[in-house]
Amino acid sequence: MAPAIRPPETAQALPREAYLSQEHFQKELERIFYSTWQYAGHVSEFPTTGSYKRFAVGDVDLLLVRAGDGAINALHNVCRHRGAQLVSDETGTCKRALTCHYHGWAYNHDGSLRGAPKMGEDFDKTQFGLKRAHTEIWNGCVFVHLGDQPPTPVRESLAEVVWPYADLDRAKVAEVATYEVETNWKICWENALECYHCAINHPELVRVFDQDGDAGGADGGDDYVYFVNPLLGDSLSVTLSGQLESKVLFECTTPLDEARGFFQWHTSTFEMVASPDCVAVMTYTPLAPNRTRITQTFLVPEKAEAGTDYDPGTLFELHKLAREQDNQLCTSVQKGVTNPAYVPGPFNDIYEVENLRFLDVYWKLMGDTSDSD
Ligand code: FES
Ligand SMILES: [Fe+2]
């Protein structure tokens with residue numbers, strides 16, 4: 001029997017098995033990814049009735065679909081007849097019904113069964129709608145929750161966040177960059193939550209923002225953490241030049257020179273870094289104990305036109321460069337923790353405080369991991 005993986009007694013990284021064990025990984029899927037709100041997209045990705053986007057994590061495969069009433073529904077992508085996957089494309093538009101390719105059962109955009117060929121008069125269609133997950137839209141961001149019980153609304157959890165850009169619901173997705181990295185998803189978070197590594201690994205980034213600065217933020221307890229890192233000198237954005245690289249900016253709720261921070265907030269599964277010209281949304285999707293898909297979604301104001309108002313190569317360049325640098329660090333840590341010689345070392349008690357908080361939330365969500373060992 002494998003030993004239970006338990007919280008360490010002191011402030012330090014996780015034990016080796018937490019990064020390698022398939023059984024532990026499965027528990028993480030169930031207790032975290034299937035049981036907490038997950039960022040699944042932005043409203044601009046659903047422009048018309050029937051626009052859909054898939055959201056997959058672990059064994060779960062959801063289809064987010066814009067219905068005629070404007071709602072975005074999260075439907076399980078599994079036919080209620082004999083279980084075929086309904087849609088295999090990542091995104092698309094289905095103007096009328098979602099029709100299963102196997103025997104032709106057809107579903108409305110709200111998941112209700114619309115038709116089932118030759119099932120007879122006694123067949124009750126109302127019993128065979130697609131299963132649904134919870135959805136909520138906060139500031140243009142679409143979240144899904146797979147739990148059976150109605151979860152605490154996102155807007156309640158984030159009530160204290162003073163978000164500097166009021167109009168993210170009128171943003172659009174300008175570009176999505178994805179990376180499949182040979183690392184555990186928690187190593188991505190452990191990397192994202194500290195800037196102890198920034199001076200020697202992100203020389204371009206630390207020319208723009210003050211890694212030791214603190215311009216406020218909010219402490220959302222177990223739900224989220226929100227930082228405002230001040231920018232250096234006359235920098236206004238997280239770009240290589242430090243300057244705004246778009247002519248069209250988000251509406252700031254505070255004056256630009258007060259809003260010129262490196263706004264960063266996290267839940268356990270989602271991270272957003274915001275500047276007046278670009279908001280980058282990051283997710284870390286677990287694929288295997290040693291494999292993670294990292295997605296960077298770049299949002300710009302809906303009126304901003306690529307090539308006219310901004311050059312995508314310039315606007316997103318520093319975000320992507322820092323991501324590539326972090327990907328190498330995360331890959332290196334996975335190699336290290338795989339080595340039997342690995343033992344967790346102590347956190348830095350100034351620069352790695354948020355890592356401790358992350359692990360606190362992590363263990364609360366995981367609960368007692370020994371129950372089925
Ligand atoms: S499995 Fe979908 S219609 Fe038969
Ligand atoms: Fe980094």
Side-chain angles (χ1 to χ4, degrees), residues 13 61 63 65 75-89 94 96-108 111-120 123-125 127-131 177 179 181 183-213 225 227 229 231-232 238-240 262-266 271-275 280-284 292 294-296 316-334 336 347-348 351-355 358:
D61 184 359
L63 202 52
V65 189
L75 311 171
H76 284 271
N77 190 14
V78 49
C79 181
R80 291 296 308 278
H81 177 219
R82 279 180 33 218
Q85 184 190 44
L86 284 172
V87 171
S88 55
D89 294 339
C94 146
R96 293 169 63 80
L98 291 155
T99 303
C100 180
H101 58 94
Y102 202 168
H103 311 94
W105 285 27
Y107 301 89
N108 294 310
S112 56
L113 183 61
R114 174 188 188 123
K118 302 174 187 165
M119 287 298 287
F123 177 68
D124 181 1
K125 283 192 300 191
Q127 300 302 305
F128 296 96
L130 297 177
K131 290 195 172 178
Y179 314 80
V181 183
T183 193
N184 183 276
W185 68 275
K186 299 184 294 301
I187 290 173
C188 300
W189 274 111
E190 288 163 353
N191 169 265
L193 286 167
E194 52 88 3
C195 217
Y196 189 29
H197 69 276
C198 290
I200 57 173
N201 290 285
H202 299 306
E204 304 82 3
L205 192 59
V206 296
R207 281 202 288 272
V208 172
F209 89 100
D210 180 2
Q211 55 188 310
D212 293 319
V225 54
F227 312 106
N229 296 307
L231 298 186
L232 284 172
V238 185
T239 56
L240 276 180
F262 181 110
F263 295 90
Q264 191 175 22
W265 70 273
H266 309 261
E271 176 189 11
M272 191 178 256
V273 176
S275 305
V281 183
M282 265 75 66
T283 54
Y284 307 101
T292 301
I294 299 171
T295 306
Q296 271 182 318
F316 314 133
E317 192 175 11
L318 181 53
H319 285 286
K320 289 184 183 174
L321 177 63
R323 184 68 259 157
E324 301 276 4
Q325 292 161 338
D326 281 330
N327 289 349
Q328 287 189 13
L329 296 173
C330 294
T331 307
S332 153
V333 173
Q334 185 69 30
F347 284 149
N348 180 297
Y351 290 98
E352 293 175 310
V353 174
E354 295 305 334
N355 294 62
F358 171 74

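Remember, predicted model here, so these are calculated numbers, not experimental data. In listed order, ligands and their atoms are each counted from 1.
Within ligand 1, the atoms closer than 4.0 Å to a non-hydrogen atom of W105 are 3 (S), numbered from 1 in the order shown. When each atom of ligand 1 is checked for a heavy atom of A84 under 4.0 Å away, the hits are 1 (S). When each atom of ligand 1 is checked for a heavy atom of C100 under 4.0 Å away, the hits are 1 (S), 2 (Fe), 3 (S). For ligand 1, the atoms closer than 4.0 angstrom to any heavy atom of G104 are 3 (S).
Atom CE in M119 sits 9.0 Å away from atom CG in L113 (nearest 0.5 Å). A distance of 4.0 Å separates CG in D326 from NE2 in H197, rounded to the nearest 0.5 Å. Rounding to the nearest 0.5 Å places CD of E194 at 11.0 Å from CD of E354.
The N, O or S atom of H81 lying closest to atom 4 (Fe) of ligand 1 is ND1. Distances from the Fe ion (ligand 2) to the N/O/S atoms of H197 are shortest for NE2. Looking at D326, its N, O or S atom nearest to the Fe ion (ligand 2) turns out to be OD1. Between atom 4 (Fe) of ligand 1 and the N, O or S atoms of H103, the shortest distance is to ND1.
When hydrogens are left out, the protein atom nearest atom 1 (S) of ligand 1 is R82 N, 3.4 Å; that is the closest non-hydrogen contact.
Taking 2.8 Å as the threshold, C198 does not count as a candidate ligand of the Fe ion (ligand 2), since none of its N, O or S atoms lies below it. Note on H101: not counted as a metal contact of atom 2 (Fe) of ligand 1, no N/O/S atom lying under 2.8 Å. Atom 2 (Fe) of ligand 1 has an N, O or S atom of C79 under 2.8 Å away, backbone or side chain.
Taking the six-membered ring where tryptophan is involved, the planes of Y196 and Y351 are essentially parallel, since the angle between them stays under 30° and well short of 60°.
Side-chain N or O atoms of N77 include one that pairs as donor or acceptor with a backbone N or O of V87 at under 3.5 Å.
Y179 and E324 are not linked by any side-chain donor-acceptor pair at a separation below 3.5 angstrom, with hydrogens and angles left out of the test. Q85 and D61 are linked by a side-chain donor-acceptor pair at a separation below 3.5 angstrom, with hydrogens and angles left out of the test.
Aromatic rings of F123 and F128 (six-membered ring for Trp) have centroids within the 6.0 Å cut-off, being under it.
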